[in-house]
Amino acid sequence: QSTWGVKFIEILYLVTLRCLFLWTDFFDMASGKAKTAITQVMDMLAEWDRGAGTSVRAQILSDFIRVNAGKTGPELEVEMAQAASLFLARLTAWLRLTYMVGTCLGPQLKAIGIYLNAASGHRFLAEFLEVGGVMTSLEILGLKQIKDADKTEALKLLLTVAQAGRKYKELICESYGIRAVAECLARVETLNTQQHCRQLLQELAQGNPKYEIQVYKGLIALLPSNSYRAQQLSAQTLRIVQPIVKHAHPNLVEPVLNLLRTLHLEVQFEAIELIKLLMDYVEVKMPLLGGLVGLLVPPKEDKTNRPMIFHDEDKKEILSTPLPYHVQQATACKTIGILAQLDEGDLTETLVQLGCCHGLMVAMANVRHADSQRQASMTLEHIARTFPLVDSAVREAMGEQLYHMFMEEPEALYMRLNDIQIDVLKSNKLPKPHVHKT
């Protein structure tokens with residue numbers, strides 16, 4: 001038994017020695033890898049510092065983005081041998097020196113974005129803010145010589161900062177970020193860049209009570225923009241921001257109604273959806289309804305100052321493009337019809353009291369714009385079937401023959417009207433009856 005005990009102790013001793021040798025080899029390998037990583041990082045930083053030309057730094061940026069995209073903060077530290085902050089400091093310094101001329105701007109912003117988007121990398125965000133990263137990014141948005149793609153990368157950085165919390169949203173707003181982003185949305189032509197502007201404005205309005213009103217007013221200021229995409233995106237965002245603000249601003253009425261004159265159907269859709277939402281806000285409900293009714297009777301066209309080509313009978317087909325107020329009239333008819341169909345209260349009665357039926361009959365006589373005639377006929381037919389008093393008044397104003405044509409096929413009535421019937425519709429004296437819904 002003692003012999004077996006001695007053998008067991010010898011075996012245990014040998015196994016222990018072997019384990020010690022293995023652990024020693026492992027630590028030597030790990031130490032060697034760490035030394036290699038440190039050497040590689042220091043060589044890269046030295047190459048960056050020596051690389052006065054953009055080609056060297058551009059290659060370093062390309063390699064960094066390719067290797068480190070999507071990594072977490074701890075993974076970046078391991079990859080950079082605990083020197084990740086040293087490279088970030090070099091990136092932000094070069095960015096501040098070169099952003100006005102756009103040297104490698106896109107790759108620089110993408111590389112910084114890897115740091116800011118790294119999970120558990122809040123320290124990198126703090127370092128970016130300490131060197132004025134927000135101000136630099138906002139200034140990039142206002143430079144005309146910068147490409148839209150580079151502005152998109154700057155917007156991504158700002159969006160990452162805003163999503164970090166309320167105090168970071170306030171920091172962007174305090175740096176005049178709302179104005180910078182709104183102006184960028186109005187000026188750029190690339191849809192992707194405009195979408196990121198819209199997303200950032202929405203983010204700045206949510207969970208940021210100190211500055212939500214400023215974002216709201218900035219969106220209203222974008223509605224008269226010359227860019228139809230800016231109009232569409234601002235109206236779309238207003239539908240999200242309006243419930244956050246809770247009270248509608250009176251200055252919203254005119255620009256929203258002016259959106260109805262656009263030829264872009266996507267802008268018309270957003271305007272109509274916004275009007276539907278605003279019906280729940282007493283501050284703008286009546287002005288909007290009154291404005292819609294007023295658009296049914298467009299102003300008389302001034303022909304005195306028109307070029308002679310517009311009077312050429314041979315060019316009628318070429319010059320048949322609808323005028324803005326004719327488009328606005330057709331869209332107003334459509335909007336009133338949508339509101340009437342969705343109405344569960346006194347909204348349609350209010351429209352009737354404001355004189356919408358008279359305006360709809362005038363729109364039915366607009367031979368210069370068939371869509372006005374079609375939308376007006378369908379809307380008036382729905383209101384007439386809903387309110388018996390309106391139906392009686394319309395019958396009396398139209399006469400029996402025209403009334404039966406109207407009720408049988410309102411959508412196609414405009415193709416069957418003769419000159420006399422058009423005059424009847426145009427000169428109608430339809431009263432404003434006190435109606436009650438059936």
Engineer: Judged by atom type as modelled, is there a donor-acceptor pair below 3.5 Å linking the side chain of Arg261 to the main-chain atoms of Pro324?
Structural biologist: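 No; judged by distance alone, with no hydrogens or angles, the pair does not exist.
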Engineer: Is there a donor-acceptor pair under 3.5 Å between the side chain of Tyr216 and the backbone N or O of His249?
Structural biologist: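 Side chain of Tyr216 to backbone of His249: a pair is present.
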Engineer: Provide the closest heavy-atom pair for Lys151 versus Cys184 in the form atom of the first, atom of the second, distance.
Structural biologist: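 Between these two residues, the closest heavy atoms are CD-SG, 4.4 Å.
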Engineer: Whether Glu153 and Lys156 form a salt bridge (side-chain N of Lys/Arg under 4.0 Å from carboxylate O of Asp/Glu) is what I want to check.
Structural biologist: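 Salt bridge flag = yes for Glu153 with Lys156.
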Engineer: Look up atom CZ in Arg374 and atom OG1 in Thr379, then write down how far apart they are to the nearest 0.5 Å.
Structural biologist: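 One finds 10.0 Å between CZ of Arg374 and OG1 of Thr379.
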Engineer: Is Glu170 paired with Lys167 through a side-chain N to carboxylate O contact shorter than 4.0 Å?
Structural biologist: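 Salt bridge absent between Lys167 and Glu170.
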Engineer: Can you see whether Thr152 engages Thr193 through a side-chain donor-acceptor pair at a distance of less than 3.5 angstrom?
Structural biologist: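 Their side chains do contain a donor-acceptor pair, which is all the 3.5 Å distance test asks for.
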Engineer: Less than 4.5 Å apart, any side-chain heavy atom of Met135 and any of Glu139?
Structural biologist: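 Heavy-atom side-chain distance check passes, below 4.5 Å.
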Engineer: So does Thr103 get a backbone contact from the side chain of Gln108, meaning a donor-acceptor N/O pair under 3.5 Å?
Structural biologist: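 Here the side-chain-to-backbone pair exists.
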Engineer: Working to the nearest 0.5 angstrom, can you tell me the gap between Gln353 CD and Thr348 OG1?
Structural biologist: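 OG1 of Thr348 is found 11.5 Å from CD of Gln353.
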Engineer: Any side-chain heavy atom of Leu417 within less than 4.5 Å of one from Val367?
Structural biologist: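 Side chain of Leu417 against side chain of Val367, heavy atoms only: no contact under 4.5 Å found.
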Engineer: Indicate the ring-plane relationship of Phe64 and Phe87, choosing parallel, tilted or perpendicular according to the 30° and 60° boundaries.
Structural biologist: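 Rings of Phe64 and Phe87: tilted, 30 to 60°.
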Engineer: Would you mind reporting whether Glu127 and Ser85 have side-chain heavy atoms less than 4.5 Å apart?
Structural biologist: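 Yes, at least one pair of side-chain atoms sits under 4.5 Å.
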Engineer: Please report the shortest heavy-atom distance between Arg229 and Glu189, naming the atom on each side.
Structural biologist: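 The answer is NH1-O, 3.1 Å.
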Engineer: Is it the case that over 12 heavy atoms from other parts of the model lie below 6.0 angstrom from the CG atom of Asp43?
Structural biologist: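 Correct, the count exceeds 12.
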Engineer: Just by distance, with hydrogens left out, do Arg198 and Gln194 show a side-chain donor and acceptor under 3.5 Å apart?
Structural biologist: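 Distance-only check fails for Arg198 and Gln194.
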Engineer: Could you give me the CA-CA distance, side-chain angles and deciding distance for Asn366 and Tyr414, then say whether side chain to side chain contact (heavy atoms under 4.5 Å, CB included) is met?
Structural biologist: CA-CA 9 Å; Asn366 184 5; Tyr414 70 96; over 6 Å; no
Engineer: Regarding Thr160 and Asn117, is there a side-chain donor-to-acceptor distance under 3.5 Å anywhere?
Structural biologist: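 Per modelled atom types, Thr160 and Asn117 side chains form a pair under 3.5 Å.
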Engineer: Do Val327 and Leu323 make a side-chain contact, defined as non-hydrogen atoms from C-beta onward lying under 4.5 Å apart?
Structural biologist: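 Side-chain contact under 4.5 Å: no.
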Engineer: For a quick test of reading the model, state the closest non-hydrogen atom pair linking Ala397 to Val424 and the distance between them.
Structural biologist: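 That closest heavy-atom pairing would be O-CG1, 3.5 Å.
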Engineer: Do any N or O atoms from the side chain of Arg96 and from the backbone of Thr136 form a donor-acceptor pair under 3.5 angstrom?
Structural biologist: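 Judged by distance alone, no pair lies under 3.5 Å.
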Engineer: With distance as the sole test, does His382 use its side chain to make a donor-acceptor pair with the main-chain N or O of Met378 at under 3.5 Å?
Structural biologist: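 Not at all, since once roles are kept as given, no pair shorter than 3.5 Å links the two residues.
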Engineer: Which heavy-atom pair separates Gln195 from Leu233 by the least distance, and what is that distance?
Structural biologist: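 Taking Gln195 first and Leu233 second, the nearest heavy atoms are OE1-CD2, 3.8 Å.
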Engineer: Please find the pair of heavy atoms, one from Leu339 and one from Lys276, that lie closest to each other, and give the distance.
Structural biologist: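 Where Leu339 meets Lys276 most closely, the heavy atoms are CD2-CG, 3.9 Å.
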Engineer: Any chance you could measure Trp48, atom CH2, to Gln59, atom CD, to the nearest 0.5 Å?
Structural biologist: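 Going from CH2 on Trp48 over to CD on Gln59, the span is 12.0 Å.
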Engineer: Taking atom NZ as the centre, does Lys71 end up with more than 12 heavy-atom neighbours from other residues, nucleotides or ligands that are less than 6.0 angstrom away?
Structural biologist: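 Buried by this count: over 12 neighbours within 6.0 Å.
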Engineer: Check the pair Asn428, His358 against side chain to side chain contact (heavy atoms under 4.5 Å, CB included), reporting the backbone distance first and the verdict last.
Structural biologist: CA-CA 7 Å; Asn428 80 88; His358 165 76; 2.9 Å; yes
Engineer: When you look at CD of Glu254, are more than 12 heavy atoms from neighbouring residues, nucleotides or ligands closer to it than 6.0 Å?
Structural biologist: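 Open: at most 12 neighbouring heavy atoms sit under 6.0 Å from CD of Glu254.
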Engineer: Between the side chains of Glu270 and Arg239, is the shortest nitrogen-to-carboxylate-oxygen separation below 4.0 Å, so that they form an ion pair?
Structural biologist: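 Yes, this pair counts.
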Engineer: When the ring planes of His326 and His369 are compared, do they come out parallel, tilted or perpendicular, using 30° and 60° as the limits?
Structural biologist: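 Rings of His326 and His369: parallel, as their planes differ by under 30°.
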Engineer: Main chain of Ser137, side chain of Tyr99: is a donor-acceptor contact present, judged purely on distance under 3.5 Å?
Structural biologist: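 Absent.
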Engineer: Report, as yes or no, whether the 6.0 Å neighbourhood of atom CD on Gln82 holds more than 12 heavy atoms from other residues, nucleotides or ligands.
Structural biologist: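 For Gln82, atom CD is crowded (more than 12 foreign heavy atoms under 6.0 Å).
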Engineer: Ser225 side chain to Ser227 main-chain N or O, any donor-acceptor pair under 3.5 Å?
Structural biologist: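 Flag set: sc Ser225 to bb Ser227 pair under 3.5 Å.
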Engineer: Can you tell if the side chain of Tyr168 reaches within under 4.5 Å of the side chain of Gln163, non-hydrogen atoms only?
Structural biologist: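 A side-chain contact under 4.5 Å is absent here.
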Engineer: Given side chain to side chain contact (heavy atoms under 4.5 Å, CB included), test Met44 with Met80 step by step and report yes or no.
Structural biologist: CA-CA 10 Å; Met44 184 266 286; Met80 301 293 291; 3.5 Å; yes
Engineer: Do Leu260 and Gln268 make a side-chain contact, defined as non-hydrogen atoms from C-beta onward lying under 4.5 Å apart?
Structural biologist: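 No, every pair of side-chain atoms sits at 4.5 Å or beyond.
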Engineer: Does the pair Leu105 and Thr98 meet the rule for a side chain to side chain contact (heavy atoms under 4.5 Å, CB included), with working shown?
Structural biologist: CA-CA 8 Å; Leu105 185 56; Thr98 61; 5.9 Å; no
Engineer: Is the shortest side-chain N to carboxylate O distance from Asp150 to Lys147 below 4.0 Å?
Structural biologist: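 Result for this pair is no, no salt bridge flagged.
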Engineer: Given Gln206, which of Val215, Ile240, Leu201 fulfils the side-chain contact (heavy atoms from CB on, under 4.5 Å) condition?
Structural biologist: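 It is Ile240, the one option of Val215, Ile240, Leu201 that forms the side-chain contact (heavy atoms from CB on, under 4.5 Å) with Gln206.
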Engineer: Is it the case that Ser377 and Glu411 place a side-chain donor and acceptor less than 3.5 Å from each other?
Structural biologist: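 No, no side-chain donor-acceptor contact under 3.5 Å.
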Engineer: Shortest non-hydrogen contact from Leu296 to Cys356?
Structural biologist: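 Where Leu296 meets Cys356 most closely, the heavy atoms are CD1-O, 3.5 Å.
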Engineer: Taking side chain as C-beta onward, heavy atoms only, is Thr331 less than 4.5 Å from Leu295?
Structural biologist: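 No, side chains not in contact.
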Engineer: Within this structure, what is the CG-CG distance for the pair Leu238 and Leu274, rounded to the nearest 0.5 Å?
Structural biologist: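 The distance works out to 6.0 Å.
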Engineer: Taking Met100's backbone N and O only, do any of them form a donor-acceptor pair with Gln145's side chain (distance below 3.5 Å, no angle check)?
Structural biologist: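 The answer is yes, because a donor-acceptor pair under 3.5 Å joins these two groups.
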Engineer: So, taking the atom named NZ in Lys246 and the one named CD1 in Ile213, what distance separates them when rounded to the nearest 0.5 Å?
Structural biologist: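 Here the rounded value is 10.5 Å.
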Engineer: For the residue pair His247 and Glu283, confirm or rule out a side-chain donor-acceptor distance under 3.5 Å.
Structural biologist: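 Indeed, the side chains of His247 and Glu283 share at least one donor-acceptor pair under 3.5 Å.
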Engineer: When you compare the side chains of Tyr403 and Asp391, does any donor N or O come within less than 3.5 Å of an acceptor on the partner?
Structural biologist: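 Tyr403 vs Asp391: donor-acceptor pair found between side chains.
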Engineer: Under the 3.5 angstrom rule, does the side chain of Thr262 hit a backbone N or O of Leu259 as a donor-acceptor pair?
Structural biologist: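 Such a contact is absent between Thr262 side chain and Leu259 backbone.
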Engineer: State, without any angle test, whether Gln329 and Ser372 hold a side-chain donor-acceptor pair at a distance under 3.5 Å.
Structural biologist: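 Yes, Ser372 and Gln329 have a side-chain donor paired with an acceptor closer than 3.5 Å.
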Engineer: Which value, rounded to the nearest 0.5 Å, describes the distance between Arg90 atom CZ and Leu95 atom CG?
Structural biologist: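 Rounded to the nearest 0.5 Å, the CZ-CG separation comes to 15.5 Å.
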Engineer: Is Gln242 close to Leu252 at the side-chain level, that is, under 4.5 Å between some pair of heavy atoms?
Structural biologist: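 When only atoms from C-beta onward are counted, Gln242 and Leu252 do touch, with a gap below 4.5 Å.
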Engineer: So, does Asn68 use its side chain to make a donor-acceptor pair with the main chain of Ile65 at under 3.5 Å?
Structural biologist: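 The answer is no, because no donor-acceptor pair under 3.5 Å joins these two groups.
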